[in-house]
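Shown next, in structure tokens, is the structure this report addresses.
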Amino acid sequence: MAFEGFLQSKCLQWCLCGLRWQVLIFVLCFSHVVSGQIRYTIPEEMKKGSLIGNVAQDLGLDLKRLRAGRARIVTGESIQYTELKTDKGILVVSERIDREQLCGDATPCSFSFEIILENPIELHRITVEILDVNDHAPAFPNKYIHFEISESATVGSRFLLESAEDPDVGLNALQNYVLTHNDNFILKQHANPDGSKYAEMVLQKPLDREEHPRLSLKLIAVDGGNPQRSGTVNIEITVLDVNDNAPVFNQSVYRAAVMENAPKGTYIIAVNASDADSGTNGQITYSFSKLKGSIADIFIIDEKTGIISVSGQVDYEKDKKYEVRVEAKDQGGLTDSSKVVIEVLDINDNAPVINVMSFSSPVSEDAPPGTTVAVINVKDADSERNGQITCSIDDNLPFKIKSSLTSYYNLISDKGFDRETTPEYNITITATDSGSPPLSSARTLHLRISDVNDNAPLFDKGTYSAYVTENNSPGMSIFTVSARDSDWNQNARISYLLEDTQISGTPVSTYISINSETGVLHAVRSFDYEQIKQLKLVVKAQDGGSPPLGSNVSVNIFIQDQNDNAPQVLYPVQTSSSLVAEMIPRSADVGYLVTKVVAVDVDSGQNAWLSYKLLKATDRALLEVGLQNGEIRTVRQVNDKDAVKQRLTVVVEDNGQPSRSATVNVNVAVADSFPEVLSEFTDFTHDKEYNDNLTFYLVLALAVVSFLFITCLVVIISVKIYRWRQSRILYHSNLPVIPYYPPRYADTLGTGTLQHVYNYEVCRTTDSRKSDCQFARPCSQNVLIMDPSSTGTMQKMQNEQNILYEPDSPIEQKPPNADWRFTQGQRPGPSGAGGPPEMAMGTGPWPNPPTEAEQLQALMAAANVSEATATLGPGTMGLSTRYSPQFTLQHVPDYRQNVYIPGSTATLTSNPQQQQQQQQMAAQHQALQAQPSEAAPQPEPPKAAQTPASKKKSTKKEKK
């Protein structure tokens, strides 16, 4: 019967021996361990094998589960009263159960045990409550009760009767007393606070010894069990004769003296009384009457003789005098009394008693001499000389004692204190009385000296050294420094800190931290032996005194090397773009040195000891590698059967723990000449070695290249747009074009020779970038166009193949004009020299094309002129800065009379038509100066044709 939580099953009732059993089952189920609780109620004194309950049914367990789980009872160290029958699933009595022996008077009475099952584990608690059975009758301690009652006893006298005992409980316990019927006594019952009952006999009719000298009664004690049990005791009453004469003492007061501490049995005094009756009525007994306190333990009196003696400790300090009453009683019950006064004589039996009234502890170690440390009070309970006291202390202590008042003494300091030498004192004060023999007592005062911060912390060593392995984890504990301070408490509470020092220009706090309380040094970062091998720092220990004191100590932390670096192969170099191969001649002998693998390890010690091993080889029988030096040598003679291409994989391994290694591929060719090696290794396929991070690097490189490409594309588009906007603005400007002829061109009078240095300078206006400037190239249709209707400025020089093309130029290029040709006299060479027919027609090539150096000089000269004319306003001559502003066109030398064409032997000499054009240009220039405000149409300046080298230079200048 297992449910969630606690479930209360229905009450099961059985009838056994006329009693009802009630079973209450509580079962608790958990995920893996099941626990339950069952409570059975059975009567005591059941026979062995009697059924207690069906455990299997009450717990909802199968009999197979009981047997499979090896159900058993666990009782611990107590007696096992029950037994589990696993075959039937029932619980039976295995031992006699006596409730009175098991629980005594306690109710209810029960015992518990556990039933354990395994696979899975189940734990069930069984509680068996034992019901009381009326198996004990009330019993009296004695069989007879004797009373001697005088016939003169008055009506209403009470006589207490002994109580009966019944170990049963509840209704089975003692319930009532019954006294047999008689005429003189009646029975009254009373209850004690604990519930027990007792009875008294009350005299209701006077006794008559002559009629009934003896009375015999029975007292019956009855319990409430079913069947009812009872116990009986006989009461024997003897009626005594009447005594009409009482005893009389011969003195009303007795006096005596006794020494204190008198031994037991010491005689003190004897009292005496007489009785006029005869017989038993005349027999007197003595006793103390109404003794107070502990007097009954100190004195004793003989009942027959009346002698009083010492029976306990007589102490003068407690009582100096005792007064006791002595009673004399005859057999009839008549009495008389007398007083006895006992005086105690003092002896020196008490040592002085020392009481500390005030004690100052601790005392500061800088307290001056004469400081009062303690005030004591000394008393002695003895009297006279026995109570006179003297006090003293040890002479070796820095203290002295002085008497101030009666029984009071002051303990004062006599010297200065040093807590570090003597941190505490045990001061023994001795008090001695003047008795005979004298008695003394001692009291020890434990005086502590409080600390003053007068000692600085001291380290155990002058210098500390610690070792830590590199690649440590940050925060790791490295070393512990310890300092001692002979002061105490706060003055000895040491705090550790690092001094502000630097290691290689870096604060030491970036390397090491210290616990201020424990002095434990921690690593702030991970150390690298290859970068730093030793840390030198200063630790300061400072106490908590006021003012604080401190001391420093040097700590050297040595970084120990760890095998964290793999060997690096220096030779042969492994590259993916080129293939390095070593060559072995076919005539090589055994031991021929082919090559040597060179490797290094940045670690130190045995971590840097390298060994070389051959991992893979095309022919292991041909080559071997030196274990220590890495030399690759031949093992045998080379023969014709050996493969020309030999590939070796060499492993370089260090001696660390664990060891690290690197591999290198060595290509070896068996050949006698290099061309043979080259032909063999052109199609040599390289083994691909895939790296774990190759994909990451490829993706990263692709992302970077894509980003740079997009950035460059955006920048180019932005520049193009900017230039287009600027060209639209500059295209509408009206700046005039003023030609400038460089002075580097000299007239050689038609000698047909050129200088070695050429200077090309071009004067352009701000919108001259819309024009084209071309240089002649060989094998092309190149002509020099002169427009008679123009202002004398060169319009265009066009090359069909080399054109500096600008898509944003609004001016279209014109086809070459074939109207102008070199005449026979203008051709290069000596005067009157002629040329081939194709040159005369203007269709032949130039004798020698211009070099790139010449073209570069021309571009640089053009740039210089552009910079000089960039700041000129409208109507200003575009002259080079070498001329002053006062120069005009008439001051400019006319270099057009003899112009050299770069890269050719042709010389352009002046003709009448050209001179006329020069005069027209001068006239126009003067007209422009006369009318500066008028805007003249601006022809396009020519552009020189560019070579590939000059294009790159000009593009860079334009970007700038």
Side-chain angles (χ1 to χ4, degrees), residues 456-485 493-544 548-571 573-574 598-611 652-662 691-693 696-697 700 704:
L458 296 177
F459 285 94
D460 298 336
K461 299 179 181 179
T463 302
Y464 289 94
S465 297
Y467 298 88
V468 61
T469 305
E470 66 171 335
N471 300 322
N472 59 290
S473 58
M476 184 189 73
S477 175
I478 299 177
F479 188 67
T480 301
V481 296
S482 177
R484 294 176 294 102
D485 195 325
R493 184 172 297 172
I494 300 175
S495 299
Y496 300 91
L497 52 96
L498 293 176
E499 289 290 348
D500 294 334
T501 58
Q502 290 189 348
I503 300 175
S504 300
T506 306
V508 69
S509 58
T510 61
Y511 293 92
I512 298 295
S513 66
I514 189 170
N515 190 309
S516 59
E517 296 182 357
T518 61
V520 178
L521 294 172
H522 297 274
V524 176
R525 62 171 66 175
S526 179
F527 300 127
D528 188 357
Y529 176 82
E530 288 72 34
Q531 295 181 0
I532 184 169
K533 296 179 174 56
Q534 182 180 0
L535 298 174
K536 292 184 179 180
L537 50 103
V538 177
V539 178
K540 181 179 182 180
Q542 181 175 288
D543 59 23
L549 301 177
S551 61
N552 297 340
V553 69
S554 298
V555 179
N556 295 322
I557 299 177
F558 297 95
I559 311 300
Q560 293 181 337
D561 183 45
Q562 193 178 41
N563 191 24
D564 58 342
N565 293 281
Q568 299 178 359
V569 178
L570 302 181
Y571 184 83
V573 179
Q574 298 291 302
V598 181
V600 294
D601 195 326
V602 296
D603 293 325
S604 65
Q606 65 177 6
N607 296 330
W609 296 351
L610 301 180
S611 59
V652 184
E653 187 176 17
D654 57 24
N655 198 34
Q657 293 295 331
S659 62
R660 294 177 178 268
S661 62
N691 195 321
D692 296 338
N693 296 327
F696 172 75
Y697 293 142
L700 181 61
V704 172

Could you state the interatomic distance from [atom1] ([X]) to [atom2] ([Y]), rounded to the nearest 0.5 Å?
X      : Y      : atom1 : atom2 : result
Ile557 : Phe527 : CD1   : CZ    : 6.5 Å
Asn552 : Leu497 : CG    : CG    : 8.5 Å
Asp485 : Ser551 : CG    : OG    : 8.5 Å
Gln534 : Tyr529 : CD    : OH    : 10.5 Å

[X] versus [Y], closest heavy-atom pair with distance:
X      : Y      : answer
Arg660 : Pro567 : O-CD, 3.6 Å
Tyr467 : Gln560 : CB-NE2, 3.4 Å
Asp561 : Glu530 : OD1-OE2, 3.1 Å
Phe479 : Ser465 : CE1-O, 4.0 Å
Ile512 : Val524 : C-CG2, 3.5 Å
Thr501 : Lys536 : OG1-O, 4.4 Å

(request) Give the intermediate values and the outcome of side chain to side chain contact (heavy atoms under 4.5 Å, CB included) for residues Val481 and Ile514. (result) CA-CA 9 Å; Val481 296; Ile514 189 170; 4.1 Å; yes

Any donor-acceptor pair under 3.5 Å linking the side chain of [X] with the backbone of [Y]?
X      : Y      : result
Asn655 : Trp609 : no
Tyr496 : Ala483 : yes
Tyr464 : Ser482 : yes
Asp543 : Pro457 : no

(request) Take Val555 and Phe459, measure what side chain to side chain contact (heavy atoms under 4.5 Å, CB included) needs, and give me the verdict at the end. (result) CA-CA 11 Å; Val555 179; Phe459 285 94; over 6 Å; no

(message) Checking Asn607 against Asp601 for the side chain to side chain contact (heavy atoms under 4.5 Å, CB included) test, could you report, in this order, the C-alpha distance in whole Å, the side-chain angles of both residues, the deciding distance, and whether it holds?
(response) CA-CA 8 Å; Asn607 296 330; Asp601 195 326; 5.6 Å; no

Mind checking whether [X] and [Y] have side chains closer than 4.5 Å, heavy atoms only?
X      : Y      : value
Val652 : Gln568 : no
Ile559 : Val468 : yes
Pro474 : Arg525 : no
Val539 : Leu498 : yes
Thr518 : Thr480 : no

(message) What I want to check is whether the side chains of Asp603 and Asn565 have a donor and an acceptor closer together than 3.5 Å.
(response)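 Distance-only check passes for Asp603 and Asn565.
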
(message) Under a 3.5 Å threshold, yes or no: a donor from one side chain and an acceptor from the other, between Ser659 and Glu653?
(response)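 Checked: Ser659/Glu653 side chains pair up, N/O donor to acceptor below 3.5 Å.
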
(message) Applying salt bridge (Lys or Arg N to Asp or Glu O under 4.0 Å) as the test, list every pair that has at least one member in residues 507-522; sequence neighbours left out.
(response)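 Every pair satisfying salt bridge (Lys or Arg N to Asp or Glu O under 4.0 Å) with a residue in residues 507-522: there are none.
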
(message) With salt bridge (Lys or Arg N to Asp or Glu O under 4.0 Å) as the rule and sequence neighbours excluded, what pairs involving residues 457-470 come up?
(response)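 Output for this query lists Asp460-Arg484.
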
(request) Determine whether more than 12 heavy atoms belonging to other residues, nucleotides or ligands lie under 6.0 Å from atom CD of Gln502. (result)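 Yes, because the 6.0 Å sphere around CD of Gln502 holds more than 12 heavy atoms from other groups.
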
(request) List for me each residue that meets side-chain contact (heavy atoms from CB on, under 4.5 Å) alongside Ser516, sequence neighbours excluded, and say none if there are none. (result)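 For Ser516, no residue satisfies side-chain contact (heavy atoms from CB on, under 4.5 Å) once neighbours in sequence are set aside.
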
(request) Assess whether side chain to side chain contact (heavy atoms under 4.5 Å, CB included) is satisfied between Asn472 and Gln562, documenting all intermediate values. (result) CA-CA 10 Å; Asn472 59 290; Gln562 193 178 41; over 6 Å; no

(message) Going by side chain to side chain contact (heavy atoms under 4.5 Å, CB included), Val508 matches just one of Asp500, Leu535, Ile503, Val538. Which one?
(response)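 Per the side chain to side chain contact (heavy atoms under 4.5 Å, CB included) rule, the option paired with Val508 is Ile503, out of Asp500, Leu535, Ile503, Val538.
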
